[in-house]
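Below: the structure, in structure tokens.
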Amino acid sequence: MKNSPKAPLGTLVTRWLVVPLLVLSLGLLLISNLLLQTRWCRGWLEGKLERRSRFDWTVASLSWTPWTGIQLRDITVRPRGRDRYLASRELCRADIDTGIYWSPLLRGKVVLREVCFRRAELAIPLELLALLPEEETVSQKGPRIARRVPESEGAKRVPGVKPDGKNEARPRVTAPANKEVIIPRPFRVIIERCKVELYSSRDQGKSGLVLRGLRADLPLQGENSSGWIQC
């Protein structure tokens, strides 16, 4: 009976290193998701979203994976403050998957790659749309009228010559340096099976316009690329 050949030393070292690293990575992923599910983390995110908007946010579940990004489940958005009475129901209920660029995250910056809305339901009251700021109109000014200066007020100005007759040194004009145009990273908004509903709160919440099965893939930033929208 022949003895089985022994594995090389390099293979054994690789196994000893890979297995503990894999276990450690899975452990960190599990612990981090348990922390994200706590009320403190979800409340911190809700506060961030509320400060960036004029709405109240509720996040029921928060998690992440390295391959899918950050998942926000059962999100609810409502008007806040004086606008609360304008909506008889929630503005939005959705699940959101957020993809980020991991390399900027190592430098402490969060750069979004895409935001995907899944099974979203939007109910927008017309009274709330009426509060959106209108476009500012630019005031039209009348034509400028050039005032003729009499010769008695001063001698004619000759370029390069001072009034006392001495030559005036002209400023040297330097060509502007070529500035490098920095194109931001691509960012897309993806919509899957979305329902958009416009209604009036004064008309007992009856719908005026309903769009069902709204799907879209919209590039909002980065190099020129195509997108589409379907309903």
Side-chain angles (χ1 to χ4, degrees), residues 28-135 184-199 201 205 210-212 214-222 227 229:
L28 291 176
L29 180 62
L30 178 62
I31 293 174
S32 61
N33 278 284
L34 290 176
L35 291 176
L36 290 177
Q37 291 293 343
T38 60
R39 182 56 200 163
W40 183 88
C41 286
R42 290 186 284 114
W44 175 83
L45 179 61
E46 292 169 356
K48 284 280 188 180
L49 295 173
E50 290 172 1
R51 284 191 293 271
R52 289 181 174 269
S53 64
R54 50 191 285 183
F55 305 117
D56 287 329
W57 291 70
T58 302
V59 180
S61 176
L62 179 63
S63 61
W64 80 281
T65 59
W67 46 89
T68 58
I70 303 173
Q71 294 90 36
L72 296 87
R73 294 292 178 261
D74 197 10
I75 288 181
T76 305
V77 183
R78 301 181 181 86
R80 66 185 310 180
R82 294 178 297 178
D83 301 337
R84 189 185 299 271
Y85 70 95
L86 295 178
S88 58
R89 40 186 158 156
E90 298 161 348
L91 291 180
C92 178
R93 293 183 65 92
D95 295 338
I96 299 180
D97 293 343
T98 304
I100 64 176
Y101 290 100
W102 297 108
S103 54
L105 189 63
L106 299 176
R107 302 190 299 269
K109 294 180 63 177
V110 178
V111 181
L112 296 179
R113 176 172 48 85
E114 67 178 27
V115 174
C116 180
F117 294 87
R118 303 182 187 276
R119 297 179 297 275
E121 295 185 4
L122 278 73
I124 305 174
L126 298 176
E127 291 80 5
L128 191 62
L129 292 177
L131 298 180
L132 295 178
E134 297 181 357
E135 240 180 74
R185 292 174 181 262
F187 170 65
R188 307 179 74 89
V189 172
I190 301 173
I191 301 174
E192 296 184 359
R193 299 192 301 276
C194 180
K195 176 183 176 182
V196 180
E197 186 176 349
L198 296 178
Y199 71 95
S201 296
V210 181
L211 301 177
R212 294 183 177 89
L214 183 65
R215 301 172 63 240
D217 186 350
L218 306 175
L220 301 185
Q221 186 176 278
I229 185 169

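Just so we're clear, the structure is a prediction, and the values are computed from it rather than from any experiment.
Residues C116 and I96 form no side-chain contact, since every pair of their non-hydrogen atoms from C-beta on lies 4.5 Å or further apart. Using a 4.5 Å heavy-atom cutoff, the side chains of L214 and I229 are in contact.
Between C41 and L36, the shortest heavy-atom contact is CB-O, 3.8 Å. Heavy-atom minimum distance, P219 versus G227: CD-CA, 3.7 Å. Of all non-hydrogen atoms in Q37 and L62, the two that sit nearest each other are NE2-O, 2.9 Å. F55 and W57 make their closest contact through O-CD1, 3.4 Å (heavy atoms, listed as atom of the first residue, atom of the second, distance). For the pair P125 and A123, the tightest heavy-atom approach, listed with the atom from each and the gap, is CD-O, 3.6 Å.
In terms of the side-chain hydrogen bond (donor to acceptor under 3.5 Å, both in side chains) criterion, R113 has no residue partners (sequence neighbours excluded). For Q221, there are no side-chain hydrogen bond (donor to acceptor under 3.5 Å, both in side chains) partners, not counting sequence neighbours. Remark: L106 engages no residue in a side chain to side chain contact (heavy atoms under 4.5 Å, CB included) (not counting sequence neighbours). For R185, there are no side-chain hydrogen bond (donor to acceptor under 3.5 Å, both in side chains) partners at least two apart in sequence or on another chain. Contacts of S103 classified as side-chain hydrogen bond (donor to acceptor under 3.5 Å, both in side chains), with partners at least two apart in sequence or in another chain: none.
Once rounded to the nearest 0.5 Å, the distance linking OH of Y101 with CD of E114 reads 9.0 Å. To the nearest 0.5 Å, atom CG of residue L28 and atom CG of residue L35 are 10.5 Å apart. Rounded to the nearest 0.5 angstrom, T58 OG1 and L49 CG are separated by 10.5 Å.
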Query - Test log, rule side chain to side chain contact (heavy atoms under 4.5 Å, CB included), inputs V210 and V196 - result: CA-CA 6 Å; V210 181; V196 180; over 6 Å; no

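Listed by first and then second residue, the salt bridge (charged side-chain N to carboxylate O under 4.0 Å, His left out) pairs involving residues 28-40 are R39-E46 (not counting sequence neighbours).
Salt bridge status for R78 with D56: absent, with no side-chain N to carboxylate O gap under 4.0 Å. Between E197 and R89 there is a salt bridge, since a side-chain N of the basic residue sits under 4.0 Å from a carboxylate O of the acidic one.
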Name the atoms and distances for all side-chain donor-acceptor pairs under 3.5 Å in residues 66-75, with sequence neighbours left out.
| from | atom 1 | to | atom 2 | distance (Å) |
| --- | --- | --- | --- | --- |
| T68 | OG1 | T65 | OG1 | 2.1 |
| T68 | OG1 | Q71 | NE2 | 2.5 |
| Q71 | OE1 | S63 | OG | 3.2 |
| Q71 | NE2 | G69 | O | 3.1 |
| R73 | NH1 | D97 | OD1 | 2.8 |
| R73 | NH2 | D97 | OD1 | 2.9 |
| D74 | OD1 | R93 | NH2 | 2.8 |

Tell me which donor-acceptor pairs under 3.5 Å the side chains of residues 186-195 have, and how far apart each pair is, sequence neighbours excluded?
| from | atom 1 | to | atom 2 | distance (Å) |
| --- | --- | --- | --- | --- |
| R188 | NE | D217 | OD1 | 2.9 |
| R188 | NH2 | D217 | OD1 | 3.1 |
| R188 | NH2 | S226 | O | 3.2 |
| E192 | OE1 | R118 | NH1 | 2.8 |
| E192 | OE2 | R118 | NH1 | 3.4 |

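Environment of CZ in R215: sparse, with no more than 12 heavy atoms of neighbouring residues, nucleotides or ligands closer than 6.0 Å.
Ring to ring, W64 and W102 are close: their centroids are under 6.0 angstrom apart.
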